[in-house]
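In what follows, chains carry the letters A, B, and so on, assigned in the order in which the sequence lines appear, proteins first and then strands, with residues in each chain numbered from 1. The structure displayed is predicted, hence computed values, not measured ones.
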There are 4 protein chains.
Amino acid sequence: MTKPDKRDEIVRAALELIAEYGFHGAPMAMIADRAGVGAGTIYRYFENKDVLITELYREVEEKLYAVLLEGYATEKPFRERFLHLGTALLRYFIQNPLHFRYLEQFHNSPYGVAFRRDKILGKKGECDVFRELFEDGISQQVMKDLPLPVLFALAFGPLLTVARDHILSFISLDDALIARIVDACWDGIRR
Amino acid sequence: MTKPDKRDEIVRAALELIAEYGFHGAPMAMIADRAGVGAGTIYRYFENKDVLITELYREVEEKLYAVLLEGYATEKPFRERFLHLGTALLRYFIQNPLHFRYLEQFHNSPYGVAFRRDKILGKKGECDVFRELFEDGISQQVMKDLPLPVLFALAFGPLLTVARDHILSFISLDDALIARIVDACWDGIRR
Amino acid sequence: MTKPDKRDEIVRAALELIAEYGFHGAPMAMIADRAGVGAGTIYRYFENKDVLITELYREVEEKLYAVLLEGYATEKPFRERFLHLGTALLRYFIQNPLHFRYLEQFHNSPYGVAFRRDKILGKKGECDVFRELFEDGISQQVMKDLPLPVLFALAFGPLLTVARDHILSFISLDDALIARIVDACWDGIRR
Amino acid sequence: MTKPDKRDEIVRAALELIAEYGFHGAPMAMIADRAGVGAGTIYRYFENKDVLITELYREVEEKLYAVLLEGYATEKPFRERFLHLGTALLRYFIQNPLHFRYLEQFHNSPYGVAFRRDKILGKKGECDVFRELFEDGISQQVMKDLPLPVLFALAFGPLLTVARDHILSFISLDDALIARIVDACWDGIRR
DNA sequence: TATGAATGAGTCTTCATTCAT
DNA sequence: CATGAATGAAGACTCATTCAT
């Protein structure tokens with residue numbers, strides 16, 4: 001019942017435009033226009049463009065994590081948990097290309113570095129699922145004994161790459177292919 | 001004694017600044033400044049900023065390919081060839097972080113998409129080594145039977161990710177770790 | 001009490017500066033300055049400098065035609081109508097030297113050629129008075145049987161020249177002299 | 001036998017380019033290029049662009065006057081002398097459109113005003129033919145008793161206008177039409 | 001609270017002119 | 001004498017941000 005208030009419209013417009021044109025290709029005036037609000041209005045909800053960008057990132061990430069955790073069962077065996085996460089991740093990106101593009105833009109920008117640092121160094125709680133899972137995997141000796149960031153890279157690097165290729169129409173992913181890809185990632189990290 | 005002529009200085013400055021601040025964070029005036037030349041001088045060597053960016057990309061890519069092909073022997077067994085390329089790639093990026101950052105910036109920009117498309121669709125000749133190698137691998141049934149872009153993703157996605165993590169000091173790679181990482185990538189693509 | 005809104009100020013400033021210094025001698029920043037607005041403000045009203053120039057031309061031309069048609073009576077004899085138009089034209093330019101200079105600048109520029117062509121070829125409706133009058137004059141055999149553009153030249157060429165000379169203070173026109181000049185033009189075109 | 005030395009080439013190139021593109025559309029580098037000389041070379045012959053432009057004007061004017069005076073006989077009757085000058089003027093412009101365009105560009109620019117002033121106020125000797133002729137005409141009471149500049153305007157204003165129209169292909173002048181036009185100008189100034 | 005007109009610092013690019021070779 | 005690479009001031013235009021209404 002939350003009437004799609006102005007803030008939501010702004011966030012939606014920013015997501016669409018930045019995903020399509022990048023940070024520098026999406027001026028505040030254009031975002032305001034697309035959101036159907038005045039240019040000044042954005043500044044009632046976000047201190048400045050940087051804050052809008054960062055905040056939008058948080059929201060996108062939050063939605064992503066929510067979906068990843070849907071049906072995620074800590075008690076299931078390690079491999080199954082990994083496949084769940086990998087598959088869910090790839091599917092989410094394919095179904096939400098704007099979110100994927102936005103995250104990509106974000107990570108590949110000055111904004112992204114600070115976030116990555118925090119995440120790797122363990123400040124954020126949200127991606128703990130991944131950390132827990134992987135630390136679990138290491139200690140159970142199911143996974144290769146490599147530094148956590150390396151395992152992340154082996155597991156998710158390929159997924160992000162194929163997601164991008166799919167969104168850019170270089171390849172076309174279906175459920176079967178997704179499963180095989182995640183399986184291949186598993187081969188990369190398992191002992 | 002090779003006098004570092006202006007063009008070289010411009011290219012060097014552009015590489016440094018764009019790698020660090022991105023395309024939009026590196027104004028022509030700043031590049032000129034860092035290169036120790038007048039603002040107008042850049043335009044004697046490059047028609048405009050876009051041309052500078054694209055040209056610089058070509059040069060970086062060329063150097064990279066040259067290094068990759070050093071000691072690359074077509075007659076060696078498939079696995080060995082893959083390990084050679086993967087290792088060389090990762091090493092190159094670690095030793096030339098500016099090049100890595102620049103390529104990343106480039107690929108993650110309007111400029112990059114056209115290039116990616118050409119490469120995927122097979123126009124460029126230089127990355128044929130990769131294509132040949134992988135098509136070889138598929139036909140010899142050493143590699144998983146997956147679309148070429150997917151195999152590329154499995155093989156190089158993790159390498160790019162760890163390269164970035166290393167450059168951002170999130171991890172520290174040495175020769176031993178590099179070898180293990182490339183090995184893990186091999187696990188991802190091999191049958 | 002009509003608040004001189006920004007657009008008006010910009011138009012006025014542009015007219016003054018371009019009339020005095022020409023298109024290339026009147027930078028946008030200078031126009032903005034003279035108009036008492038910020039540099040960017042001009043672009044809220046005119047897409048770019050070309051549009052400003054063209055639009056300003058239209059406004060000047062419109063005012064001129066309005067004055068020319070004041071008291072112009074189609075039913076009066078040909079000679080009288082010609083004298084009315086010639087006199088009004090010359091008076092208008094003398095009273096609005098900026099307009100005269102601006103029109104001159106405009107016609108003597110890439111912008112102007114297209115306009116002239118359209119006018120000669122008969123696209124524009126506003127100068128139909130002239131065309132109608134002259135075609136009338138030809139068919140009534142009051143005027144020399146010469147091509148229309150030639151008659152225009154004979155009739156208005158001298159008027160524009162003396163207008164310029166007056167504005168540059170090379171001569172000083174009063175009503176008596178104006179009448180004699182227009183009369184002389186009449187001698188040039190009449191049979 | 002004067003080998004077409006660099007200076008001549010520069011003057012020729014400047015004439016062509018400025019006639020076609022205007023002062024601001026013809027950069028020094030472009031002129032140098034067209035002249036087949038180095039950019040710096042122009043400055044050996046002309047102190048700066050303004051001097052080049054002014055000097056070029058002088059040369060064009062000089063050639064024009066030379067042609068006008070060819071066959072001009074002071075002893076002939078007034079009307080004949082006028083027709084000679086008018087016809088020669090119009091013919092010259094039609095045969096040398098670049099010269100015409102250049103003179104037009106020049107007069108319609110800051111450069112031109114000073115020159116006009118000098119000429120009207122009688123400093124220059126070259127156009128004395130015109131002055132003498134017209135003063136003659138006035139004192140003989142063949143011409144209307146109007147200020148000299150006005151007579152100039154009546155006599156030559158139309159000629160310049162039709163010359164431009166011809167060069168822009170709005171009309172097409174032949175010898176017969178030229179004669180009739182000059183005759184019409186005569187009607188404008190004669191008593 | 002919402003607006004959107006106004007701002008001006010910052011961007012890319014051009015071009016007349018200089019000067020070392 | 002001739003060159004043309006180098007310069008940097010100047011110009012058109014953009015856009016994040018502010019503030020009067």
Side-chain angles (χ1 to χ4, degrees), chain A residues 5-7 9-10 23-33 35-53, chain B residues 5-7 9-10 23-33 35-53, chain C residues 5-7 9-10 23-33 35-53, chain D residues 5-7 9-10 23-33 35-53:
Chain A
D5 70 358
K6 301 200 184 282
R7 191 181 184 287
E9 290 303 312
I10 291 166
F23 295 123
H24 293 280
M28 293 297 261
M30 195 189 282
I31 293 172
D33 225 46
V37 304
T41 306
I42 298 182
Y43 291 84
R44 307 220 140 265
Y45 296 96
F46 304 94
E47 200 186 328
N48 55 41
K49 197 177 185 182
D50 277 21
V51 169
L52 167 61
I53 287 170
Chain B
D5 73 358
K6 308 253 175 206
R7 189 181 186 285
E9 289 303 310
I10 291 166
F23 295 122
H24 294 282
M28 294 297 261
M30 194 189 283
I31 294 172
D33 232 43
V37 304
T41 304
I42 298 181
Y43 292 86
R44 292 201 59 74
Y45 296 97
F46 304 94
E47 200 184 331
N48 55 42
K49 198 176 184 181
D50 275 23
V51 168
L52 168 61
I53 287 169
Chain C
D5 73 357
K6 309 251 173 209
R7 190 181 185 286
E9 289 303 311
I10 292 166
F23 295 124
H24 293 283
M28 293 297 261
M30 194 189 282
I31 294 173
D33 233 43
V37 303
T41 304
I42 298 182
Y43 292 87
R44 293 200 60 73
Y45 295 97
F46 305 94
E47 201 184 330
N48 54 44
K49 199 177 182 180
D50 276 22
V51 168
L52 168 60
I53 287 170
Chain D
D5 69 356
K6 300 198 185 286
R7 190 182 183 288
E9 290 303 313
I10 292 166
F23 295 123
H24 294 279
M28 293 297 261
M30 195 189 280
I31 293 173
D33 225 47
V37 304
T41 305
I42 297 182
Y43 291 85
R44 305 220 141 265
Y45 296 96
F46 304 94
E47 199 185 332
N48 55 42
K49 198 178 185 180
D50 277 19
V51 169
L52 167 61
I53 286 170

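- Residue-level contact check: B:Y45 touches the backbone only, with heavy atoms under 4.0 Å from sugar-phosphate atoms and none from bases.
- Rounded to whole Å, the distance from CG on B:D33 to P on E:dG10 is 15 Å.
- Every stem involving DNA chain F, taken as at least 3 paired positions in a row under the Watson-Crick or G-U wobble test at 3.5 Å, is listed here: E:2-21 with F:2-21.
- When the P atom of F:dA2 is taken as reference, atom CZ of D:F46 falls 12 Å away, rounded to whole Å.
- In this structure, CD1 of C:I10 is placed 13 Å from P of E:dA5, rounded to the nearest angstrom.
- Rounded to whole Å, atom C1' of E:dT11 lies 15 Å from atom CG of B:L52.
- Under the rule for a side-chain hydrogen bond (donor to acceptor under 3.5 Å, both in side chains), the partners of C:D50 that lie at least two apart in sequence or sit in another chain are C:Y111.
- Listed by chain and residue number, A:E9, A:I10, A:A13, A:V37 satisfy the side chain to side chain contact (heavy atoms under 4.5 Å, CB included) test with A:A35 (two or more places apart in sequence, or in another chain).
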Which nucleotides of nucleotides 11-21 of chain F have their base under 4.0 Å from a protein heavy atom (B), which only their sugar-phosphate (S), and which neither (-), written as one string 5' to 3'?
SSBB-SBB---
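- With values rounded to the nearest 0.5 angstrom, C:F23 atom CZ is found 11.0 Å from D:H24 atom NE2.
- Rounded to the nearest 0.5 angstrom, C:D5 CG and C:R7 CZ are separated by 8.0 Å.
- Spacing between atom CD of C:E9 and atom P of E:dA5 amounts to 18 Å, rounded to whole angstrom units.
- Residue D:I31 contributes atom CD1, which lies 8 Å from atom P of E:dA16 at whole-angstrom precision.
- Residue pairs meeting the side chain to side chain donor-acceptor pair (under 3.5 Å) criterion with at least one partner in residues 38-48 of chain A, sequence neighbours excluded, do not occur; the list is empty.
- In this structure, B:I42 atom CD1 and E:dT14 atom C1' are separated by 14 Å, rounded to whole Å.
- Nearest approach of D:A39 to D:A32, heavy atoms of both residues: CA-CB, 3.6 Å.
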